[in-house]
Structure formats: structure tokens, C-alpha cells
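Order of the sequence lines sets the chain letters (A, B, ...), proteins ahead of strands, with each chain counted from 1. Not measured: the values here are computed from a predicted model.
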Amino acid sequence: MWKRESHLLDKKEQKNLRTGDLGNSNKGRPAIENPQSRRLFFYPFFLTFIIMCGTWVVLSGKFDPFHLSLGLISCGIVAYLSCDLLFPSPKIRGLLGQWARFARYIPWLMCEIIKANLHVTYLVFHPRMMELIDPKIVKFRSKLESDLALVTFANSITLTPGTITVSVSIDGDFKVHAIDKASGDPLPGAMEANIAKAFGEV
Amino acid sequence: MIWQLDLAILTLVVIAGIGAITVKDLLGAAILFGAYSFMMCLLWSIMGAVDVSFTEATVGAGASTVFFVAAVFRTTRRTKD
Amino acid sequence: MDNVFLYSGLYLAFLMLLSLYRPLFGPTVVDRMIGVNAIGSKTTVLLILIGLIFHRVEMFVDIALAYAMLNFLAVLAASRYFQKRKGLYDEALFGKD
Amino acid sequence: MDIIVCLLLFAGLFFFTGGAVGILRFPDFYSRLHPAGKLDTLGLLLALIGLALFNLHHFSLGTLLTSLKIILIAVFVFLASPTATHAIVDAGVRAGLAPWTKGEKRR
Amino acid sequence: MKIIGLIVAVLTGALLIYGTVDFPGWADPASPASTHLSPHFIEKTMEETSVPNIVTAVLADYRSYDTMFETTVIFSGGVACFILLRIFRRKEPSDRLYRHVLTGATIRVKEGGKIPLDSDDFERIDTLWTPHDLIIKTVCRLLIPFIQLFGLYVIAHGHHSPGGGFQGGVILGASIMLLAISQDLRTAVQRMREKVDALLSPTGVFIYAGTGALCLLLGLNFMDYSALASVLYVDPVTARSHGILIVEIGVGIAVMATIIWIYNNLSSAGKYDEGL
């Protein structure tokens, strides 16, 4: 019933697709009839189901059997409908370690965000603001590989020092709008290194 | 019912509503209508009508704005008058 | 504490009035979108403040959550209009991006 | 406890003020997005954390879950807000708006 | 013309405001609404239906005829949109664009040209094509499951918190709309085909009306859910509560399918081909 889309796969698999190295991904569309791909379908389903159950407990706050069974049914429906959205590739090995490393990245990001916001607030309330700002567009190329790492990097750029991501290409070409010289220069810098560490792409 | 907030939000509703019908650009009008529905949602919740407020939040902010944008996408963008 | 929340709410309403300048008079449509997006994030906080004033937060949290989700959808749809309509699609066809 | 809540709430309101003033003051579309995208997100985060802390006054499982829900809103906005900002920038670029450079008049 | 419109609007507004003078005062305990109906609902709802949220009980139980026909109105809105907008003639656009999946090359097929039908190597892309937007696609992909779960939560907890079938249905529909906006219309239509929409939308209305008719068959009034007690093996009060839940699920299904249906017709101008 659910046909999988090739553009939902991550970039490495798309590259494999292009170079003809099909491997397990079976042309990007694992047919459900294939027993092996059914097993591959199972892990994302199960993982999505568990995540959804956690979310349901936070949302619901009712622990009588009636509501819990409703929750299990709902989680099953969502996992059936959308597990290929949450985990587009069936490979889930090393995912937990990745999440743990990602959790260590967040405090650093928060620190950066607060610094950046103080900077922008200073600019906003400065009476001669028009002379301080000097908007320009910076282009650079990132070394990050996977889709998620690129998106995290782009969103972190948007949240931190006076910079907004204008566009990202699938190969990692960034265009960034920086509001003044001081904020645009240090890119990609330490943030890219930190994200690379968080996603295990050192 | 908190009358101070009620008055403040009511003013905003009126401003957003007048803005939504005076703007010539239809896409701009659709976006302003979104802002108007935010204010309506706040107004309902201040009056204590939680269910109505929820309906306004889901339909007004989500569905109807998207429908308007989709309709503008398939027609012309400027009004004739 | 209720008074603090009440005056914070009034102040937020005042800030929404300031942000409403862009949707009303913004020179381009994209400016209007910025203003509405800013109003949306203030509305989320104001909803929870109202919930705390009424001492029924668990009800208003649901509204705020639905609100945060759907506001995002509206902004995406409005920006999608530009990507499609005034898009540089002819150049994209020939690979100039 | 109340003092911490008030501090967080006022910090959030301060950043919100920065956002609103910035939207009014900055010269062009791209630079207006900077306060709108960043200051509002941080203001919302701080204010929501403050309110979630206040909600924990009468500690029970119910209030804990409500606070978690408030935090969930903050997490959601943290994912969604940069994306919305990016989408608006993209719309501006495709609509053909030229960025403001130093020395021009404000528009 | 504008001045006439202004005069009409101002006059109507003045009449309406004049009409409000006759209203009972705000929260007046002697007004007709709060002397007969409201006290009954406020006092008896919990013991009659065991639903804490009075609004839900009033909407789906005491005044369920009203809500049933509201659902029907929404369904007929979807049908009207379908009949007005849908184009059945096979009218191809003059140019169609295809991308070769393996190489990423784009080809353009002129009108009357040979189209690589049903080939797995080619995928169709929009004529107003926008380049691959990585950020929006990835973030929406991560958020959609949570939005769907939230929609189901709102439907299931209509008894205890604000919300219910209508709101939950809109949220569920919005999640599919988000998929259509972040990727393209064809991806969303592949997940939720037109036939599925068109079937689910009357199914929801049918669940609602069928629950009512089942009560009639079991020997009580139409929409008196306490008749379901013998089917569900619970006492009549709990049966009313469960009946409300079943009805809400019906409303949710109908609203979700209708919202998606209207959006698909509206954004693709009835062609189901390329959308917003």
C-alpha cells in the first residue's frame, strides 16, 4: 500500500543508487513482498512505535487501561502510516550512540544561541544601528555528509550569530546571509566540527 | 474573563480585520486573515470558550489559511478594484 | 503572581500591536509573512499565560501545542507560493539553479 | 522560586521586545528576519521554561506532565522556527528581492 | 458603489448592535438559557454520561442530531468542491518534466511526445519545479508523525480536555497537507489516494449515523447511546461515554478525509497533477 519514495532516502543511498551500487536498498524501493525487506520494515516500525508511545504518555497523562489501550492503537496507526518518514533508511545500527552524542551538542548550542541573541539585541537597540550593520551573503562548502547533519547545521546557523541560511544544496553548498562582518567571517568554524563530532563524521 | 486583556485583544482583532479587507494584494489579505484568526482564537480563550478556541486555532491557523493560499495560487493575485 | 502574568500578557498584546505594523503596511508580501510569524510565536506564550491566570493550564497547553504546529504549516504554505509562482523555474530547467 | 520564574519570564519578554522593535527598525527584508527568527525563538524558550517551572509549584504527576508538554512546545518551536525562517528567506530570494547593502536608503 | 456598500454595512452593524440591547446581561442568572437548560447540563452530565467535559457531552450526546448534520455539511462541502473543480477529461499539460532517477538528468516531453510510462527509472516532477529543498523536506519528515499522534490524542481525549473529533480530524488532515506542501502533491496523493479520500469521508458520516441507527435497532431512541450497553457489555452510563467516543471517531475520519480532499482539488485545480 505504501510505496517508498527514493527521495526520502538519505544521500549516501542516493549516491549508491546513482553509481549503481544497489546493495540492500533494492533500487531505493524495498518491495514489501521481499522477506528480507519485510524484516527491514520491521525495525523502523518498532522504533517508531516506541518513540510514539513515549510521546503519548507525555501527552495523555491518563494511566487507566482504557486510555492506554487507545494509546497503543494510535501509536500502531501512526507507526504504520509514517515509520518510513521518521526512519527513511532501514539501517538503525548506531542510532542510540548518535542520539547520545547529539544530546551533548545541545548545551553548547544553547550557549551560542544566547550569545548570538545578545549580539542581535545590542544591534536592535543601538541608536546608530544603520551604520553598524553591513549585510552580505557568504558562500562556503561544508564537509558534512548525511542529510540530518546538514539540516542540523543549517538550522543551527539560522539560530546563531547574525546569520540565516539562504540555501543548502544536497552536496553541502551553503549560502548564508550575515548581518555584519563579525558574524559572517568565522563560518563554518567550530560549529561544523561540533556537528561532525555529534554525527560521527569526524 | 479578564477584561483588560479582553479589551486589548479586541482592539487587535478590529485592526487585523480592517487590515485584511483593505489590503489589495490577495495573498497579503490571506496572510492577514491568518493573523486575524490568531486574535480570534485568543479572544475565545480569554472568554473561557476553550473548545471554540481550539477549533479556531486548528481551522483558522492551519486549514483555512492554506486553502486561501491554494486558491490564490490558482487565480490572479490582484483584486480588480 | 497573577498580577505579574496579567501585566505580562498586556505587554505581550502591546508587542503584538507593534508587530502588526508589518502585516498592515509592509512594503512586500514577504514582510507581512515575517510579521505574522512573529505574532504567532507571541500568541503561543500568551495562550499559556491565559491558562495560568485561569488556573487551568492543562487545557490551554493543548491549544498552544496545536497552534505551534499549525502556524508552521501556514507559513510554509505561504512561502511555497513564491517558490512556485515567481520561481526562477526556467533557469532551473537548464541547470543554472 | 517565584523570583526565578519572574526572571525567566522577563528575560523572555525582553527578547520579545527586541524582536518587535527589530522588525520595525531594520532596513530591509533580509535583516528584518534576523530579529524575527532568532529573538522570538529564544524569548519563547525562556518564557516557556519560566512558565513550566511555575506550573511545578504544586508538584504532582499531573503538573509534571503538563510542564513536560510545555517543554514539548518549546522543542517543537525550536525545530520549526528556523525552518519557517529559512522558508521565508527562500521565498524572498525567489521573489527577486535584492539584499540591502550599506549606504542605501531603508525600504 | 463602494459608498452604497459602506452605508449598507454600517446600517446592518447598527441594527445588530441595537439588537444586542435586548439581550440578557452578561452571565445573568435569570436569563432563559441559564434557568432551564444550563443547570440541567451542568448538574446531570457527569452522572448521566460520565463525561467530564460538558461541551463534548452536549455536542455529541444531547444535541447529536445537530452535530450529525454538521458532519454531513462538511461532507457535502467536500463533494461540492469535487464536483465543481475536478477535471476528468484527460487533458495533459503541454510540457511535462521527468527526471531520470539514476543520473538526475531532467528531460522535457513536448505535447504529443512519447512519455516514459510507468518506468521506474523516471520520476515525474512539477512544471513549476522548485529545486530540492533539503531543510524543509527533512524537518517536515521528522515532524509529521508527531503531528499525527497529536491529532489522534485530541480525538481520543475529547472527554477530558478540549478538542474532539472535529479538531483532531483537522490536525490529521493538516499533517497530510504538510506532506503535500513540503514534498509535492503526488507524494501525498500516493499515500492518501483519491479513492481512499472519497471513501473515508462518507464512511465517517456513516459511522455517526450508523451508531444512531444501531440504537434505534436495539429498541431505544435514535442516538440514545445507552442502548449500546448490551453490545459493549458495560452499564448504560459507560455506554453513553463510549458511544460519544465512537461518534467522535466518525467525525474525525470524515473531517480528515474531507479536508485532504478539498485541499487536493483546490491546489491542483482539479487535475491531481501538480499542486502548491
Side-chain angles (χ1 to χ4, degrees), chain B residues 1-13 15-16 18-20 22-23 25-48 50-70 72-74 76-77, chain C residues 2 5-7 9-14 16-17 19-26 28-40 42-44 46-47 49-51 53-54 56 59-60 62-82 84-86:
Chain B
M1 186 81 179
I2 313 152
W3 66 268
Q4 298 98 328
L5 266 178
D6 190 55
L7 269 183
I9 300 294
L10 192 60
T11 323
L12 289 174
V13 168
I15 293 174
I18 291 176
T22 46
V23 168
D25 188 347
L26 283 180
L27 187 63
I31 293 169
L32 258 173
F33 188 77
Y36 167 81
S37 83
F38 296 174
M39 304 300 175
M40 276 316 279
C41 162
L42 274 174
L43 195 60
W44 291 125
S45 63
I46 286 169
M47 289 182 180
V50 189
D51 283 74
V52 188
S53 164
F54 205 157
T55 314
E56 183 68 39
T58 51
V59 178
S64 75
T65 312
V66 178
F67 284 173
F68 281 133
V69 174
V72 174
F73 178 66
R74 284 294 167 193
T76 54
R77 192 155 140 217
Chain C
D2 274 3
F5 289 147
L6 180 61
Y7 288 116
L10 281 174
Y11 184 62
L12 268 179
F14 170 68
M16 282 159 83
L17 184 66
S19 315
L20 206 55
Y21 175 83
R22 278 294 157 208
L24 288 175
F25 303 107
T28 61
V29 182
V30 220
D31 286 307
R32 295 176 207 271
M33 275 158 65
I34 299 177
V36 171
N37 197 13
I39 291 175
K42 290 176 183 57
T43 313
T44 315
L46 194 45
L47 272 172
L49 275 176
I50 293 169
I53 293 172
F54 278 134
R56 297 301 298 268
M59 284 196 160
F60 286 79
D62 283 351
I63 306 175
L65 192 51
Y67 203 81
M69 284 171 177
L70 296 173
N71 183 22
F72 173 57
L73 173 66
V75 170
L76 271 194
S79 78
R80 189 77 171 166
Y81 179 92
F82 280 97
K84 289 269 182 179
R85 215 6 73 123
K86 273 197 181 170

> Can you say whether B/Leu5 sits under 4.5 Å from chain C via the side chain, the backbone, both, or neither, judging by heavy atoms?
Replying inline: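 Contact with chain C is through both the backbone and side chain of B/Leu5.
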_Heavy-atom cut-off 4.5 Å, strictly under: side chain, backbone, both or neither for B/Leu7 against chain C?_
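For B/Leu7, neither part sits under 4.5 Å from chain C.
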Quiz item: Any idea which of C/Arg32, C/Arg56, C/Met33 has the most non-hydrogen atom pairs under 4.5 angstrom with chain B?
Solution: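 That would be C/Arg32.
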*asked:* Looking only at heavy atoms and a cut-off of under 4.5 Å, which of C/Ile39, C/Val75, C/Leu10 has the most pairs with chain B?
replied: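 Most heavy-atom pairs within the cutoff with chain B belong to C/Leu10.
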Using every non-hydrogen atom in the two residues, find where [X] and [Y] come nearest and quote the distance to one decimal.
{"X": "B/Phe54", "Y": "C/Ala66", "result": "CE2-CB, 3.5 Å"}
{"X": "B/Phe73", "Y": "C/Tyr81", "result": "CA-CE1, 3.5 Å"}
{"X": "C/Ala13", "Y": "B/Leu12", "result": "O-CD1, 3.7 Å"}
{"X": "C/Ala74", "Y": "B/Val66", "result": "CA-CG2, 4.4 Å"}
{"X": "B/Cys41", "Y": "C/Ile63", "result": "SG-CG2, 4.3 Å"}

| request: Apply side-chain contact (heavy atoms from CB on, under 4.5 Å) to the pair B/Ile18 and C/Leu24, showing each step before the final yes or no. | output: CA-CA 9 Å; B/Ile18 291 176; C/Leu24 288 175; over 6 Å; no
Quiz item: Once you round to the nearest 0.5 Å, how far does CZ of B/Phe38 lie from OG1 of C/Thr44?
Solution: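 Spacing of CZ (B/Phe38) from OG1 (C/Thr44) equals 8.5 Å.
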Assert top hit (heavy-atom pairs under 4.5 Å, partner chain C, pool B/Leu32, B/Leu42, B/Thr65, B/Ile15) equals B/Leu42
Residue from B/Ala8, B/Ala35, B/Ser45 scoring the most non-hydrogen pairs under 4.5 Å with chain C is B/Ser45
* To do: Sequence neighbours left out, what passes ring-ring contact (aromatic ring centres under 6.0 Å, His included) with C/Tyr21? Give chain and number order.
  =>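 ring-ring contact (aromatic ring centres under 6.0 Å, His included) check on C/Tyr21 returns C/Phe25.
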The interface call for C/Ile53 against chain B, heavy-atom contacts under 4.5 Å, is side chain
Portion of C/Leu20 that has a non-hydrogen atom of chain B nearer than 4.5 angstrom: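 Side chain of C/Leu20 only, per the 4.5 Å heavy-atom cut-off to chain B.
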Handout entry: Pair B/Thr58-C/Tyr67, side-chain contact (heavy atoms from CB on, under 4.5 Å): steps then yes or no
Key = CA-CA 7 Å; B/Thr58 51; C/Tyr67 203 81; over 6 Å; no
Q.
Could you check whether any side-chain heavy atom of B/Ile9 comes within less than 4.5 Å of a side-chain heavy atom of C/Leu46, counting everything from C-beta outward?
A. yes
>> Take a 6.0 Å sphere around CZ of C/Phe60 and say whether it holds more than 12 heavy atoms from other residues, nucleotides or ligands.
In response: yes
